[in-house]
Number of protein chains: 2
Amino acid sequence: MPIELSASQALNLWHAVSLEQVRIDNRDLTLRQMSILLHIYLVPPPHTVRGLAGILGVTKPVITRALDTMGDLGLVARMRDERDRRNVIIKRTVDGALYLEKLGDLIIDQGRKLSI
Amino acid sequence: MPIELSASQALNLWHAVSLEQVRIDNRDLTLRQMSILLHIYLVPPPHTVRGLAGILGVTKPVITRALDTMGDLGLVARMRDERDRRNVIIKRTVDGALYLEKLGDLIIDQGRKLSI
DNA sequence: CGGGATCGTTACGGAAGCGTTTCTTTTTGC
DNA sequence: GCAAAAAGAAACGCTTCCGTAACGATCCCG
């Protein structure tokens, strides 16, 4: 079931959610970090550094750094792949799931408040 | 007319748009910069540094820096307020309008592709 | 079993962001 | 007029991010 948004609805939704996210959350993830986080939680595993770099169209160190930062924040975790120890498997965490759950609620709330 | 989104629709929408934005655009605005830009273009003027700082819950230098950066990118412009020359009025630009128009299209497109 | 490919990380110099503090310009109010 | 207040910018030290390049660890395969 697709969603039909008008141009002003689309931008107003983005505006309201971004603004609330800035006001509420001190963690201030970059757009890249947010993309990585959402991808890890919404797309079936496994997720690797190389795979994410390809999907986002960025270099591997970008992914490594993003995982460092979000790992410190408790939003993701890393584990060696025991079947091929060159790989690192990126895992979800409880805190990460909670973070995205709140973001989802925020989007839903702001969607309800839309007009025109 | 409010929009009713399910939790997975909300997050999938955010995911798809963020991902496309990362892949397509090299300018990589921070969430704060994006909030400021959307606010300037969606809320009736006038917009001042102090006003934006209050709305976003950040300090004034954060706004000044964001305007510096987005000014260099051509997304916003600054003008002295001639009626109170302490103030700076933040103006929209053609490039900024174009940037947000593309973002709006992206959100609309990804909304159409949603399922479940 | 050894050379080459692959994977993720680290190193490096540079750019940009942060919060706090200070400064300059302008207005306000006595 | 002139001190105090207000607005925005600039300075400062620090952190984080960037892309490129180099690096160890591991696997693959001849």
Side-chain angles (χ1 to χ4, degrees), chain A residues 18-19 21-40 45-92, chain B residues 18-19 21-40 45-91 99:
Chain A
S18 300
L19 200 54
Q21 190 71 6
V22 167
R23 293 167 60 93
I24 289 171
D25 202 287
N26 43 1
R27 279 174 283 199
D28 196 31
L29 298 189
T30 69
L31 187 62
R32 288 175 170 184
Q33 290 168 344
M34 181 63 81
S35 293
I36 293 168
L37 188 62
L38 282 162
H39 198 82
I40 293 167
H47 301 292
T48 65
V49 172
R50 180 173 184 72
L52 289 171
I55 287 165
L56 271 77
V58 298
T59 59
K60 288 189 295 177
V62 167
I63 306 295
T64 294
R65 275 188 296 258
L67 295 178
D68 287 345
T69 303
M70 292 192 290
D72 289 346
L73 294 174
L75 300 176
V76 298
R78 273 186 276 207
M79 282 186 55
R80 274 283 159 202
D81 181 355
E82 288 304 327
R83 306 196 317 171
D84 181 346
R85 294 184 49 76
R86 288 174 304 180
N87 285 333
V88 162
I89 305 294
I90 297 137
K91 309 288 258 183
R92 303 166 184 175
Chain B
S18 300
L19 199 55
Q21 191 71 6
V22 166
R23 292 167 60 93
I24 291 172
D25 203 284
N26 42 1
R27 279 175 284 199
D28 195 32
L29 298 189
T30 69
L31 187 62
R32 287 175 171 184
Q33 291 169 344
M34 181 62 80
S35 293
I36 293 169
L37 188 63
L38 282 162
H39 198 82
I40 293 167
H47 301 292
T48 64
V49 172
R50 179 173 185 73
L52 289 171
I55 287 165
L56 272 77
V58 299
T59 59
K60 288 190 294 177
V62 167
I63 306 295
T64 295
R65 274 188 297 258
L67 295 178
D68 287 344
T69 302
M70 293 192 291
D72 289 347
L73 294 175
L75 299 177
V76 300
R78 274 186 275 207
M79 281 186 55
R80 274 285 159 200
D81 181 355
E82 287 305 328
R83 306 197 316 171
D84 181 344
R85 293 183 50 77
R86 289 174 304 180
N87 286 333
V88 161
I89 305 295
I90 297 139
K91 309 288 259 184
Y99 179 89

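Each chain gets a letter, A, B and so on, in the order its sequence line appears, and its residues count up from 1.
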Tell me the interatomic distance from [X], atom [atom1], to [N], atom [atom2], rounded to whole angstroms.
{"X": "B:Arg27", "N": "D:dC18", "atom1": "CZ", "atom2": "P", "answer": "18 Å"}
{"X": "B:Ile89", "N": "C:dT26", "atom1": "CD1", "atom2": "C1'", "answer": "14 Å"}
{"X": "A:Met79", "N": "C:dG8", "atom1": "CE", "atom2": "P", "answer": "14 Å"}

Considering every strand and a 4.0 Å limit on heavy-atom distances, what is the contact class for [X]: base, sugar-phosphate, or nothing?
{"X": "B:Val62", "result": "sugar-phosphate"}
{"X": "A:Glu82", "result": "nothing"}
{"X": "A:Arg65", "result": "base"}
{"X": "A:Thr69", "result": "sugar-phosphate"}

### Message
At less than 3.5 Å, do the side-chain atoms of A:Arg85 and the base atoms of C:dG8 form a donor-acceptor pair?
### Response
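Counting by modelled atom types and ignoring angles, no donor-acceptor contact under 3.5 Å is found here.
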[X] side-chain N/O to [N] phosphate OP1/OP2 under 4.0 Å:
{"X": "A:Arg86", "N": "D:dC23", "result": "no"}
{"X": "A:Arg78", "N": "C:dG8", "result": "no"}
{"X": "B:Asn87", "N": "D:dG8", "result": "yes"}

### Query
Of all heavy-atom pairs between A:Ala66 and A:Ile36, which one has the smallest distance, and what is that distance?
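Smallest heavy-atom distance, with atoms named: CB-CD1, 3.5 Å.
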### Message
How about CZ on A:Arg92, more than 12 heavy atoms from neighbouring residues, nucleotides or ligands closer than 6.0 Å, or not?
### Response
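Result for CZ/A:Arg92: enclosed.
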### Closest nucleotide among C:dC7, C:dT9, D:dG8 to the B:Val88 side chain
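Nucleotide nearest to B:Val88's side chain: D:dG8.
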